[in-house]
Each structure stands twice: as structure tokens, then as C-alpha cells.
Number of protein chains: 2
Amino acid sequence: MTAATLSQPSTVPVQFTPRPARGAPATLTTACSSCHLKELCLPCGMSGPTVDRLDGLRFARRRVKAGQPLYRAGDAFQFIYAVRSGTFRSSLAAADGREQVSGFSIAGELLGLDGLAQGRHASTATALEDAEICAIPYDHLMELSTGSPDLQKAVGRLMSREIVREHGLMLLLGSMNAEERLAAFLLNVSQRMKVRGWSPSEFHLRMSRAEIGSYLGMKLETVSRTFSAFVQQGLLEVDKRHIRILDLERLARTVESRVH
Amino acid sequence: MTAATLSQPSTVPVQFTPRPARGAPATLTTACSSCHLKELCLPCGMSGPTVDRLDGLRFARRRVKAGQPLYRAGDAFQFIYAVRSGTFRSSLAAADGREQVSGFSIAGELLGLDGLAQGRHASTATALEDAEICAIPYDHLMELSTGSPDLQKAVGRLMSREIVREHGLMLLLGSMNAEERLAAFLLNVSQRMKVRGWSPSEFHLRMSRAEIGSYLGMKLETVSRTFSAFVQQGLLEVDKRHIRILDLERLARTVESRVH
DNA sequence: CGTTTCCTTGACTGCCATCAAAAGTGGTGG
DNA sequence: CCACCACTTTTGATGGCAGTCAAGGAAACG
């Protein structure tokens, strides 16, 4: 529920893209059932036979170089993308040119679902480091799921998951102060690292202070100051973008420490 | 992308509700094709034959009294709801008990899609005035759409629309000041009124200043002050919850007037 | 008619944005 | 190797917007 001028990219000159195949000219094809990321991409209770069914779906793999867009706001919606490696930043542009980061995606996560509503992507997704993705043709996925209630439900859950994710961000943006925001961000990153089998207490952030700030609704200086405050409180060790969480529990309490 | 503690209602004691049929014991059933709201509920390019197909779907109508919940966070997800009349407030609860309004729904709009991801609703929907809704069994809708690519796509678009809506709210919460927020809110209400054939320049708000503030991420006093400021600037006439927009265009410029 | 809830307005405070400067980092080419 | 540049990050000083606390009035309710 916001002014149309904010949420619609429709005022932007349409950039229809029969996109020059960025990266690989010959696209590899892969099968989901043999992918080592399958529990991450499709964790919504998809069981054996349903995953097998997914193998009817052959999709393209593509490389995206650091700084390159995977898709842009206004691009025609064709694919949903699964990140195989690397990190992406999704951002929204307001009518006046302001831009805001709306999310980060790492290996095993999906992006691009926002394009379905309008037939065009509402956001721009940019690689923060060299990355590799699976491009899943949405039409094809729909065909496959016709007649497969399981798959159909799984796709629905994927979309709903995105809605729930944004719910959390709204809570954050609407009612938290700087320390709570950054703590929530770090805990979230930590948990996603953990799910992937990487260390939940020590990781390398791929995004700048400014990008974190844009995502969390605060200025880059405030992000930096808040990192420093956490270090002083003994919660973190920070070396530029390398983070080590020293006291996860106290960090978690920070999020809920609305004094009032 | 936020801490799990924020977005998950899973820490809340499960409130499974074989809900006492609130309202009507005997549920009326209706057909979509004869509903005067059908262009509002399902505006995503659903054409004649597809709507006819919807008529295989018979669903319950239910009345909800002002102040009563339609569903609560944690309730098992069964239905998506179409508002026939009245207004609903959706709200999220953080782990520490803080609550935040995540949206308002008026006649012709859908709600409840957030429950799909977890099989339980993530938010609570409460009637702000006496209301009437259609409860559409999600399982049944899925069955119907199996074998109907059109209907399937339409459902997908509905979900995506919700994602895009939340995008707009994120932009608002992340980067606007008080005047911009309230202006964006009023413009949004105005447009939704217009779509429904009601006056876009004069309407009655069903929610309190506190609820508007919660939704926009500001305190009720600030909402009140900002209303007063708009009145002084000659943008609005305000009589409690009755609003008349005097200068829509200048109000729209307010939203984009990031001085910067 | 009393009680409660909602709204408005005022005074003060505090958090974070803004402006500014300096140090650190990485890449490029002489 | 080092000079040079562009960019990121950190830290300090200051100011403004909105939060907080408080009080009074208006409307709604039982």
C-alpha cells in the first residue's frame, strides 16, 4: 500500500531486453536432482518424485561478472534465477532517482519473483562478485507444474516466502534503531551462512557499508559507527568486511532490547 | 532478509484454530462470475473462460464484526480472503511483543497470502469496521488451477503483486521523512478509492492515527502534526478521520521532493 | 453522566543525518 | 618500486527531525 509512483517502474522508459547473452554463448544445461544446492533452492518440502519431475526442466546456467546486472527494473520477466555461487544485490529505484537496496541473495537462494506481477522486473539485481546462476524459464516451470499439485504448491510457497521475508524487513525499517537494525542484519547473515554449512560466526561481507546502510535505512556513517560500537561492546571483531561474531547471544538480545 | 526472530511466528505458542465459525453457522456460497467485485479481486488479465472456470469454486461468505480478527498469526493457513465490504488491518508481531501494521485492505482486495510459506499465517488480520469476506479454500483453488495455465498464472500474479506492494512500503520506510510518508499514504488511499469508483479526493479513513503511524513507521503525534502541517499548507481539509484532498498534484510533488 | 479512547498541541530531548577530514586499500602505469 | 588516483572506511563536530513526555479537549460508549 504505497503511492503508485513509488512502486511502479512503469514510468521508466521500457528496456525490453532480448538480452545479449551475457557470459556464456553456449548455455550449459543441468538437472536439479543432481545439483548439490537442491535442498537450498527448493526446501519447501519437495519430495523425491517431485524433484524427479523437475528434471523435465532443463535450464541454462550463466555466469555474471562482478558489477554486472542479472536483470534490470523494467526488463521483461522470463526467468526466475537460482544463485549457484556469488552474491547479488537487489535494488529498487524511486521515481525521483533515489535507489534503495531491497535484498541480498547468496548461493542457494532464488531471485526474480518480483517480475511476475507486471510481467517486468520491478527491481535490478547486480552481482557483487563473480557469480553463477541457473535461469529457470517461468513459463516452462508453469507447464511442468500443471498436473503436479506438489510442484505447484512448492512454487506457491517460494513466493510466499518472499512475502514473509519482506515482512521482516518492514518490521525492521519501521520500528528499530540503528543498533537493532545492524544486529538483525548480522544475525540474518549468520543464519544463512549456517544453513549453507559455512561458519555462522565468521564470514566476509560482500557489500559496502553504503549498501548495508541503504538496505537497513540508515547512512553509511551510522553503519560504520554502529560496527565500532559493537566492537567496543565486545560483540564483534571487525576487519573491514571480515566479521567475527564473538557473542551471538548478546547480539540476539540487542535486537529485542526495545527498552520500553 | 532479517533475523529469524523477527519474521517467524514459530516462537509464539502455536494457536491452532479449528476456529469456531465466527459469524455465520450456515455459510452462503457465491459464484465469482456473478460477483460485482470480480474485476477488483482478479484484475490480472483473467478472461471470460478462466472466470467461468472459477465458478467450479464455491466458497463461503462470512461476516466479521468490527474489532474481530479474520485470522491470527499462527493460525493454520486454509483460505485466502477477498474483502467484499469493510476494511481490514494486517499486523505483524515481533518476538518482544511489539506490533506493527503491515497493511490495510479494502473492498475488492485480497489478503492472507502470507500464510502459504509456513502453512500458518504470519500476520493477524482484524476488521476495522463490520465487514464481509469471501473465504476461498486454497487447496481447492490449486485443484482448479491444475490444468488451467491461465488460472495458475493469475494466482501467481496475485502473489507477486503482494511482493511489489511491499517493495513500495520498503522504499517508504527506508528513505522518506514524515511528510513524504503521509503524502504517499494519502495518495495511495486516494488511488484505491478511485479504482473502486469512489471519490479520490474525499474519503473517510477507517484507521486511527496510531495505526497510520505504525504502518508508516512514525509516532501518532507525528502523524497528527503532519496532518496539521498539510492543512496549513492548503493541501488538505481534515475533520478527524474525514479527509478532503485540495491539491492532489502538490501532494504528489511532496512525495518526490527529496530536497537533496 | 462518568469513563475511555482518540486527537491535538507544546516543550524538551536524543538519535541519527549531515558536513568534513584523514587514513587505509586497491589498481594502474610510469 | 613508487606515485597517483579512486574508492571505502572511520571518526569528529554540529544541527535538525521526529520521539518522548505531558496536558487539555473532543468524541464515543456504556
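Every heavy atom of this structure was used, including side-chain atoms; hydrogens, water molecules and symmetry mates were not. First the proteins, then the strands, lettered A, B, ... as listed; each starts at 1.
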Given atom [atom1] of [X] and atom [atom2] of [N], what is their separation to the nearest angstrom?
{"X": "R241(B)", "N": "dT8(C)", "atom1": "CZ", "atom2": "C1'", "answer": "14 Å"}
{"X": "D239(A)", "N": "dT8(D)", "atom1": "CG", "atom2": "P", "answer": "17 Å"}
{"X": "R209(A)", "N": "dG24(C)", "atom1": "CZ", "atom2": "P", "answer": "16 Å"}
{"X": "N177(A)", "N": "dC16(C)", "atom1": "CG", "atom2": "C1'", "answer": "10 Å"}
{"X": "R181(A)", "N": "dC15(C)", "atom1": "CZ", "atom2": "P", "answer": "14 Å"}
{"X": "F230(B)", "N": "dC7(C)", "atom1": "CZ", "atom2": "C1'", "answer": "17 Å"}
{"X": "L205(B)", "N": "dC6(C)", "atom1": "CG", "atom2": "P", "answer": "15 Å"}
{"X": "H204(B)", "N": "dC6(C)", "atom1": "NE2", "atom2": "P", "answer": "13 Å"}

Verdict with supporting geometry, Y215(A) and F104(A), ring-ring contact (aromatic ring centres under 6.0 Å, His included): CA-CA 9 Å; Y215(A) 179 62; F104(A) 300 103; 5.3 Å; yes
Under 4.0 Å protein heavy-atom contacts per nucleotide of nucleotides 25-30 of chain D, with B for base, S for backbone only and - for none: --S---
Selection from dC7(C), dT9(D), dG19(D) that lies nearest to any side-chain heavy atom of K219(B):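 Nearest to the side-chain atoms of K219(B), counting from C-beta on, is dG19(D).
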Minimum-distance nucleotide (side-chain atoms of V238(A) versus dG19(D), dT10(D), dA17(C)):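 The nucleotide sitting nearest to the side chain is dT10(D).
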Pairwise side-chain contact, D114(B) with H167(A), heavy-atom cut-off 4.5 Å (strictly under):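 Yes, their side chains come closer than 4.5 Å.
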Does a salt bridge link [X] with [Y], judged by any charged N lying under 4.0 Å from a carboxylate O?
{"X": "R253(B)", "Y": "E249(B)", "value": "yes"}
{"X": "R89(A)", "Y": "E211(A)", "value": "yes"}
{"X": "R62(B)", "Y": "E132(B)", "value": "no"}
{"X": "R196(A)", "Y": "E109(A)", "value": "yes"}

Residue mapping more 5' on DNA chain C - nearest nucleotide basis, A178(A) or S208(B): S208(B)
Y71(B)/Y81(B) aromatic ring centres below 6.0 Å: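 Yes, the ring of Y71(B) comes within the 6.0 Å limit of the ring of Y81(B), centre to centre.
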Between protein and nucleotides 9-14 of chain C, what N or O pairs are separated by less than 3.5 Å?
from, atom 1, to, atom 2, distance (Å)
dT9(C), OP2, S228(B), OG, 2.5
dG10(C), N7, R225(B), NH1, 2.9
dG10(C), O6, R225(B), NH2, 3.0
dA11(C), N6, R225(B), NH2, 3.3

Touch class at under 4.0 angstrom, heavy-atom based, for G213(A) against every strand present: nothing
Check: C134(A) main-chain N/O paired with R84(A) side-chain donor or acceptor under 3.5 Å: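 No; judged by distance alone, with no hydrogens or angles, the pair does not exist.
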Verdict with supporting geometry, H242(A) and E202(A), side-chain hydrogen bond (donor to acceptor under 3.5 Å, both in side chains): CA-CA 7 Å; H242(A) 192 88; E202(A) 193 169 357; 3.1 Å; yes
